[in-house]
Amino acid sequence: MSPISRGVAVTNVLQQPVNGGVHTSDKSVLVSANDGASFSSSTRRGIAEKKRLLNDGVIDRENTATSLQIFIGAIMFLFGMVTVILHGVVMKSFTDKDPLGVLANNLEDNLRNMNQGRGMMSKKFDSKFDMKNNKRGHRGLPPKRQEPIHLDEIGEKSEEYWNLRKEYDKKFPPDDIHRLRNTMSRLRERNYTPIEGKFDCPDNPPKDYPHDYPIMDILDHWPPDDTAPRQKIFQSICVFDYITESFKAENYRKAEVPFVIRDDPAMMRAAERWADPNYLRKLLPESSRQRAEYSHNNHFMYWNKPKPHKKPVAFKEPTEYIKMSYPEWLKKANVTDDRLLGVDQDHWYFRLIACGSFQRCRPSGSEFMFDELPFFRPVESLYVVDPMHQMGVHCRFGMKGVIAENHFDASRNMIAVMGGERRYIISDPANCPNMYLYPKGHPSARHSEVDWSSVDQHKFPKFPSVRAHEIVLQAGDALYLPTNYFHYIISLGLNYQCNTRSGQVEEAFRPIRLCGFK
């Protein structure tokens, strides 16, 4: 550029009036234009005025304000462009269930909610559960999973585990149904019959299904602390054969009533492996220490550690949470002398937790449970009704005499027994007002304060009004419990149980609200 051209360029910049003066956005232009060139008098006057303004600091202040305005304008422009791009381009990937699209959708919702004075997290947790619209609120469950479930990421990936499985699949060929049924018959040591005789189980549940009985009749007939089996029990729920009656089980599940499904081939295979005395020892070696519970008697009640300022005055921790290995637990639990298993003797409860797609879960190295129990994988099925709300797989190994106190779970529950026997006393949520539950906020909320082993009818006068029924689960059995159904569990011997919870039904909360649980 020639000196004249440079002079004209500077003059054009300097002669733009701003607040009664001149404006420039670059001091370096002024300096370069002043280096030994011939300018007109107007140009020289402009340069002199510019120098004065620079010395007085006026231009610096104006430059600062103008730069801030430009910066804010650029941010607003970018903000708008991002929103447009996300809405017009990236949202297509959300429609195609692309994880990036999910992120874009959440970001767009967050931006919209910020403009309304609230964030995405507030929106997510404030919503109420609505089955038709597939929305949900707190209801004791975490928020619904937003990302798609990648089944190839579920389960165990180690070569060590799959080598063990190959060894036992060779030992127990998985396709021999005849052998599997014979094995289940051997593992089920006894038969239990309904106290009122055989009842019909039609294709769809009858209107008065299941029949229930006065709770005191059940407890008097078979006291909870007595693990000696009874041939006749107060059973009124149907037991369906998986191979020939799965369609009935589906109908009862859709009607949200309890039932038992028996002899699923995948369940029988797992029960057969677990019955081998060495398999669980190899699967759960001494080095694998898992969560367990200890009690100085045979009663176990779930509890959360309360905050110091909210701890009830009379609250005493009912059990102690500890860590132990499976061989260590088995040594304590596999006791044949009943004198060492009295109600006031020490008892232990061994636990395994597999997280799967459940995001609010602390992994414990037990993800192989999704391979041991493939029917519990997060795929919509008879066992997992709502995969997006599945809360992992929880296994509890019980020793003879262990009692899990009466409580309800705020979700559907499918409970499978891989070995041994467990007695379940089951009650409809409508019995809530007579259960004397610890209130919401209590460390053992959802659990009954009544000691079913020794009912104090003076302290709990309404409890005898409770109506219930019972079932004994054996190897290869899976019990479906609808949302908020009460259950009281007695281990009749050494046993292995695993369960998974998936979603909930809004109608089941109507009776629970009467007990203060909303």
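For R291 (side chain) and S364 (main-chain N/O), no donor-acceptor pair under 3.5 Å exists by modelled atom type. The backbone N or O of G401 sits nowhere less than 3.5 Å from a side-chain atom of T227 that would complete a donor-acceptor pair. In terms of modelled atom types and a separation under 3.5 Å, the side chain of E367 and the main chain of G356 share a donor-acceptor contact. Checked by atom type and distance alone, the side chain of H487 pairs as donor or acceptor with a backbone atom of Y485 at under 3.5 Å. Between the side chain of N495 and the backbone N or O of R422, no donor-acceptor pair lies under 3.5 Å. Under a 3.5 Å cut-off, the side chain of E470 and the backbone N or O of R423 do not form any donor-acceptor pair.
Rounded to the nearest 0.5 angstrom, L280 CG and L330 CG are separated by 8.5 Å. Note that CZ of F486 and NE2 of H447 are 11.0 Å apart. Values are rounded to the nearest 0.5 Å. A distance of 12.0 Å separates CD of E421 from CD1 of I490, quoted to the nearest 0.5 Å. With values rounded to the nearest 0.5 angstrom, S502 atom OG is found 12.0 Å from F358 atom CZ. In this structure, the separation between OG1 on T193 and NZ on K198 is 12.0 Å, given to the nearest 0.5 Å. Taken to the nearest 0.5 Å, the CD1 atom of I415 stands 12.0 Å off from the CD1 atom of I471.
Using a 3.5 Å distance cut-off with no hydrogens or angles, the side chains of E156 and S158 do pair a donor with an acceptor. Judged by distance alone, the side chains of D225 and N298 do bring a donor and an acceptor atom under 3.5 Å apart. Using modelled atom types, one finds no donor on one side chain facing an acceptor on the other under 3.5 Å when comparing S411 with H389. For the residue pair N297 and S295, a side-chain donor N or O sits within less than 3.5 Å of a side-chain acceptor on the partner.
Checked against the 6.0 Å centroid threshold, Y213 and H211 count as a close aromatic pair.
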Which atom pairs, one a donor and one an acceptor, fall under 3.5 Å between side chains of residues 265-276 and the rest of the protein, sequence neighbours left out?
| from | atom 1 | to | atom 2 | distance (Å) |
| --- | --- | --- | --- | --- |
| R269 | NE | P174 | O | 2.6 |
| R269 | NH2 | P174 | O | 3.2 |
| E272 | OE1 | R179 | NH2 | 2.8 |
| E272 | OE2 | R179 | NE | 2.9 |
| E272 | OE2 | T183 | OG1 | 3.3 |
| R273 | NE | E372 | OE1 | 3.4 |
| R273 | NH2 | E372 | O | 3.3 |
| R273 | NH2 | E372 | OE1 | 3.2 |
| W274 | NE1 | E372 | OE1 | 2.8 |
| D276 | OD1 | Y168 | OH | 3.3 |
| D276 | OD1 | N278 | N | 2.9 |
| D276 | OD1 | Y279 | N | 3.3 |
| D276 | OD2 | K171 | NZ | 2.7 |

Quiz: residues 254-261 side-chain donor-acceptor pairs under 3.5 angstrom, not counting sequence neighbours:
| from | atom 1 | to | atom 2 | distance (Å) |
| --- | --- | --- | --- | --- |
| E256 | OE1 | Y480 | OH | 2.6 |
| E256 | OE2 | R253 | NH1 | 3.3 |
| E256 | OE2 | R412 | NE | 3.2 |
| E256 | OE2 | Y480 | OH | 3.4 |

Only distances under 3.5 Å count here; give the side-chain donor-acceptor pairs of residues 215-224 to other protein atoms, sequence neighbours excluded, each with its distance to 0.1 Å.
| from | atom 1 | to | atom 2 | distance (Å) |
| --- | --- | --- | --- | --- |
| W222 | NE1 | D226 | O | 2.8 |
| W222 | NE1 | A228 | O | 3.1 |

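Ring geometry, Y209 versus Y252: the interplanar angle exceeds 60°, so the pair is classed perpendicular (tilted spans 30 to 60°). Between F397 and Y326, the ring-plane angle classifies as perpendicular under the 30° and 60° cut-offs. Using cut-offs of 30° and 60° for the angle between ring planes, the Y321 and Y302 rings count as tilted.
Each disulfide bond (SG atoms under 2.5 Å apart) pair with one or both residues in residues 180-270, not counting sequence neighbours, appears once here: C201-C238. Judged as a disulfide bond (SG atoms under 2.5 Å apart), the pairs with a partner in residues 333-391 (not counting sequence neighbours) are, in order, C355-C361. The disulfide bond (SG atoms under 2.5 Å apart) analysis of residues 473-518, with sequence neighbours excluded, yields the pairs C395-C498, C432-C515.
Applying the side-chain contact (heavy atoms from CB on, under 4.5 Å) rule to R467 yields the partners D212, P214, N431; only residues at least two apart in sequence or on another chain are considered. Listed by chain and number, the residues in a ring pair (Phe, Tyr, Trp, His ring centres under 6.0 Å) with F460 are Y436 (sequence neighbours excluded). Not a single ring pair (Phe, Tyr, Trp, His ring centres under 6.0 Å) links F199 to another residue, sequence neighbours left out. D241 is linked by a salt bridge (Lys or Arg N to Asp or Glu O under 4.0 Å) to R181, counting only residues two or more places apart in sequence or in another chain. Looking at residues two or more places apart in sequence or on another chain, you find a side-chain contact (heavy atoms from CB on, under 4.5 Å) between E167 and L164, K282. The salt bridge (Lys or Arg N to Asp or Glu O under 4.0 Å) check on E449 picks up K459, with sequence neighbours excluded.
Of the charged side-chain nitrogens involved, none lies within less than 4.0 Å of a carboxylate oxygen, so that R396 and E293 do not count as a salt-bridged pair. A salt bridge links E506 with R513: at least one charged nitrogen is closer than 4.0 Å to a carboxylate oxygen. A salt bridge does not link D346 to K332: none of the charged nitrogens lies less than 4.0 Å from a carboxylate oxygen.
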query: Going through the distances and angles, do W348 and I322 end up as a side-chain contact (heavy atoms from CB on, under 4.5 Å)?
result: CA-CA 10 Å; W348 289 265; I322 60 175; 3.8 Å; yes
- request: Verify side-chain contact (heavy atoms from CB on, under 4.5 Å) between W452 and I425, making sure each step is shown before the conclusion.
  value: CA-CA 11 Å; W452 289 28; I425 302 177; 3.8 Å; yes
field: Intermediate values then yes/no, side-chain contact (heavy atoms from CB on, under 4.5 Å), I149 and M388
entry: CA-CA 8 Å; I149 297 173; M388 299 297 281; 4.0 Å; yes
message: Evaluate D338 against K400 for salt bridge (Lys or Arg N to Asp or Glu O under 4.0 Å), listing each step before the verdict.
response: CA-CA 9 Å; D338 285 348; K400 188 175 182 179; 3.2 Å; yes
- prompt: Where do N334 and M399 land on the side-chain contact (heavy atoms from CB on, under 4.5 Å) test, with the steps shown first?
  reply: CA-CA 7 Å; N334 196 18; M399 60 188 293; over 6 Å; no
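Here the side chains of V384 and F375 are not in contact, with every heavy-atom distance at 4.5 Å or above. A 4.5 Å side-chain heavy-atom check between H347 and Q345 finds at least one atom pair inside the cut-off. Between F368 and L284 the shortest side-chain heavy-atom distance falls below 4.5 Å.
The local environment of CZ in R510 is sparse, with at most 12 non-hydrogen atoms from other residues, nucleotides or ligands closer than 6.0 Å. Within 6.0 Å of the CD atom in E189, the count of heavy atoms belonging to other residues, nucleotides or ligands does not exceed 12. Applying the 6.0 Å contact sphere to CD of E159 captures no more than 12 heavy atoms from other residues, nucleotides or ligands. Heavy-atom neighbours of K331 NZ from other residues, nucleotides or ligands within 6.0 Å: at or below the threshold of 12.
Across every non-hydrogen atom of D263 and M184, the tightest pair is OD1-CG, 3.8 Å.
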